[in-house]
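Below, each value reflects all heavy atoms present in this structure, side chains not excepted, and no hydrogens, waters or symmetry copies. All residue numbers refer to positions in the sequence shown, counting from 1. If you're wondering where the values come from, they're calculated on a predicted model, not measured in any experiment.
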Amino acid sequence: MWLTTEEAMAYLNVSRSTMYRLRKKQHIPSTKIGHSPMYPKCLLNTFLINRAIRNVKEDTANRLLPPPFFKLVKPQISAQKKRVIA
């Protein structure tokens with residue numbers, strides 16, 4: 001199934017200029033039929049899946065360490081009794 005530019009824009013949820021940029025940089029496949037570019041839906045699905053996998057890999061690589069299970073508390077000295085309160 002082939003999609004027109006408007007259909008592909010709605011399918012990918014991007015603007016016309018983004019579609020043009022992706023097509024120009026050959027990130028998404030397209031074929032011109034007449035004067036209008038057409039996009040194969042199955043290859044757009046592949047593009048989306050590859051982009052999602054790449055984002056997951058980048059997210060796990062950049063993930064910060066989880067916070068510790070305990071907080072380090074500075075011991076406070078009570079002014080009245082001169083003892084350490086944790």
As an exercise, state the distance from [atom1] of [X] to [atom2] of [Y], rounded to the nearest 0.5 Å.
X	Y	atom1	atom2	answer
I49	L44	CD1	CG	11.0 Å
L3	C42	CG	SG	9.5 Å
I28	L43	CD1	CG	10.5 Å
H27	T18	NE2	OG1	11.5 Å
R21	K24	CZ	NZ	11.0 Å

Show the atom names and distances, to 0.1 Å, of all donor-acceptor pairs under 3.5 Å that link a side chain in residues 33-40 to residues at least two apart or in another chain.
from: Y39; atom 1: OH; to: R23; atom 2: NH1; distance (Å): 2.8

CG (N55) with more than 12 external heavy atoms under 6.0 Å
yes
Heavy-atom neighbours of Y20 OH exceed 12 at 6.0 Å:
no
Should K41 and E7 count as an ion pair when the cut-off is N to O under 4.0 Å?
no
ILVMFWY cluster, L48 and M9 together (side-chain gap under 4.5 Å)
yes
Begin from the C-alpha positions of F47 and R51 and carry the test side chain to side chain contact (heavy atoms under 4.5 Å, CB included) through to its verdict.
CA-CA 6 Å; F47 167 76; R51 182 63 57 106; 3.5 Å; yes
